[in-house]
Visitor: 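Input: one structure, supplied below.
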Amino acid sequence: MRRKKSIKEKVYIAIVELKNGEEGRLIIPSTNIQNAEALAREHENVARVIKVKRSFFNDW
């Protein structure tokens, strides 16, 4: 019988433009960068996502 592979969440930082025109950052735990970008895009105060990058602070 095969064991289930554990899925590890990583921490991503999304640099976004807020609806008031300012630049902001979101800290997003996610399994991959595409999901992190989608979660950032769905946030209520975000006008657009500029960049999503991996954070190496995974012990939060």
Visitor: Looking at E44, is its backbone amide N or carbonyl O close enough to the side chain of K19 to form a donor-acceptor pair, meaning the two atoms are under 3.5 Å apart?
Guide: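 Yes.
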
Visitor: Heavy atoms only: give me the nearest S30-N35 pair and the separation to one decimal.
Guide: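 Closest pair (atom of S30, atom of N35, distance): OG-CB, 3.2 Å.
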
Visitor: Using every non-hydrogen atom in the two residues, find where V52 and A36 come nearest and quote the distance to one decimal.
Guide: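 Here V52 and A36 meet closest at CG1-CB, 4.1 Å.
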
Visitor: Decide whether I50 and I27 are clustered together by the hydrophobic rule: side chain heavy atoms of Ile, Leu, Val, Met, Phe, Trp, Tyr closer than 4.5 Å, transitively.
Guide: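 No, I50 does not connect to I27 through the hydrophobic network.
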
Visitor: Test side-chain contact (heavy atoms from CB on, under 4.5 Å) on L26 and I13; report intermediate values, then the result.
Guide: CA-CA 6 Å; L26 296 174; I13 295 178; over 6 Å; no

Visitor: Could you tell me if the side chain of K51 sits less than 4.5 Å from the side chain of V49, heavy atoms only?
Guide: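 They are not in contact (no side-chain heavy atoms under 4.5 Å apart), so the answer is no.
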
Visitor: State, yes or no, whether a side-chain contact exists between E17 and V46 at a heavy-atom distance under 4.5 Å.
Guide: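 No - every pair of side-chain heavy atoms lies 4.5 Å or more apart.
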
Visitor: Any side-chain heavy atom of V16 within less than 4.5 Å of one from E23?
Guide: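 No, too far: nothing below the 4.5 Å cut-off.
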
Visitor: Roughly how far, to the nearest 0.5 Å, is the NZ atom of K10 from the CD1 atom of I33?
Guide: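 Rounded to the nearest 0.5 Å, the CD1-NZ separation comes out at 10.0 Å.
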
